[in-house]
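Following: one structure in structure tokens, then a few remarks.
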Amino acid sequence: AIDDKLQTDVPESIEALRKANIKIWVLTGDKQETAITIGFASRQLTSSMHIMILEGHTPEDVHHKLSEFVGKIGQANLIKKDNAALIVDGKTLEHALDPSVQESFLNVALACRSVICCRVSPSQKAAVVEMVKVKVKDSITLAILLLPSFGSWSDYFWYMGPGTTIVCLNSFC
């Protein structure tokens with residue numbers, strides 16, 4: 001088996017961006033298991049986080065699950081602690097981007113410290129970035145295409161609130 005390794009300083013860089021109050025969303029074609037493993041290795045996910053896996057076969061299923069997450073986020077006071085992560089696969093993301101569900105999905109995602117969307121298509125990646133650009137007032141978005149040293153393509157999407165700036169760290173911006 002090939003030993004998967006992150007490039008030098010990736011975990012430290014992600015931690016520095018997080019300390020600057022920049023939320024990082026990972027949009028990748030990788031399998032869920034791989035995406036979660038990479039999330040832990042890069043410090044995008046931590047063992048102290050409340051990890052919520054969004055799964056559903058219809059927009060109604062996804063909306064119901066998101067409502068459950070809203071209850072969990074509020075009950076555990078995770079928003080103030082900024083200690084929740086949302087994991088969603090491409091099939092579920094299709095339903096989460098449905099106009100009847102999109103607002104709930106966005107609200108839950110924005111309340112999370114980390115968002116990882118796995119097994120997503122290029123068009124879904126574009127739709128997620130566009131959703132934030134249009135729906136989140138005064139947001140600044142930056143989508144960067146990365147080729148990590150372990151060989152899979154991932155897009156890292158940074159969501160920044162009002163007044164936040166970032167320097168492009170890659171030639172593809």
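All values below were derived from every heavy atom in this structure, side-chain atoms included, with hydrogens, water molecules and symmetry-related copies excluded.
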Open item on the list: Can a side-chain donor-acceptor contact be found between Glu60 and His64 if the only test is distance below 3.5 angstrom?
Closed with: no

TODO: Output all residues satisfying salt bridge (Lys or Arg N to Asp or Glu O under 4.0 Å) with Glu55, sequence neighbours left out; order by chain, then residue number.
DONE: none

Open item on the list: To the nearest 0.5 Å, what is the distance between CG on Leu45 and CD1 on Ile36?
Closed with: 7.0 Å

Task: Under 3.5 Å: donor-acceptor pair, side chain of Lys31, backbone of Arg119 - done: no

- [ ] Assess the side chains of Asn107 and Ser104: does a donor N or O sit below 3.5 Å from an acceptor N or O?
- [x] no

Task: Donor-acceptor contact present, side-chain His50 to main-chain Asn83, <3.5 Å - done: no

Open item on the list: Salt bridge check, Glu12 against Arg43: does any charged N sit closer than 4.0 Å to a carboxylate O?
Closed with: yes

- [ ] Flag the pair Phe105 / Leu86 as yes when at least one side-chain heavy-atom distance between them is below 4.5 Å, and no otherwise.
- [x] yes

TODO: Drop me the distance from Leu17's CG to Lys23's NZ, to the nearest 0.5 angstrom.
DONE: 14.0 Å

Open item on the list: When you compare the side chain of Lys133 with that of Val129, does any pair of heavy atoms fall below 4.5 Å?
Closed with: yes

Open item on the list: For the backbone of Asp30 and the side chain of Thr34, can you confirm whether one donor and one acceptor N or O come within less than 3.5 Å of each other?
Closed with: no

Task: Side chain proximity check, Met52 to Cys112, heavy atoms < 4.5 angstrom - done: yes

TODO: May I ask you to decide if Lys91's main-chain N or O and Glu94's side chain share a donor-acceptor pair within less than 3.5 Å?
DONE: no

Open item on the list: Check whether Thr92 reaches the backbone of Val88 with its side chain - one donor and one acceptor, N or O, closer than 3.5 Å.
Closed with: no

Open item on the list: Contact between Ile14 and Ile24 at the side-chain level, heavy atoms closer than 4.5 Å - yes or no?
Closed with: yes

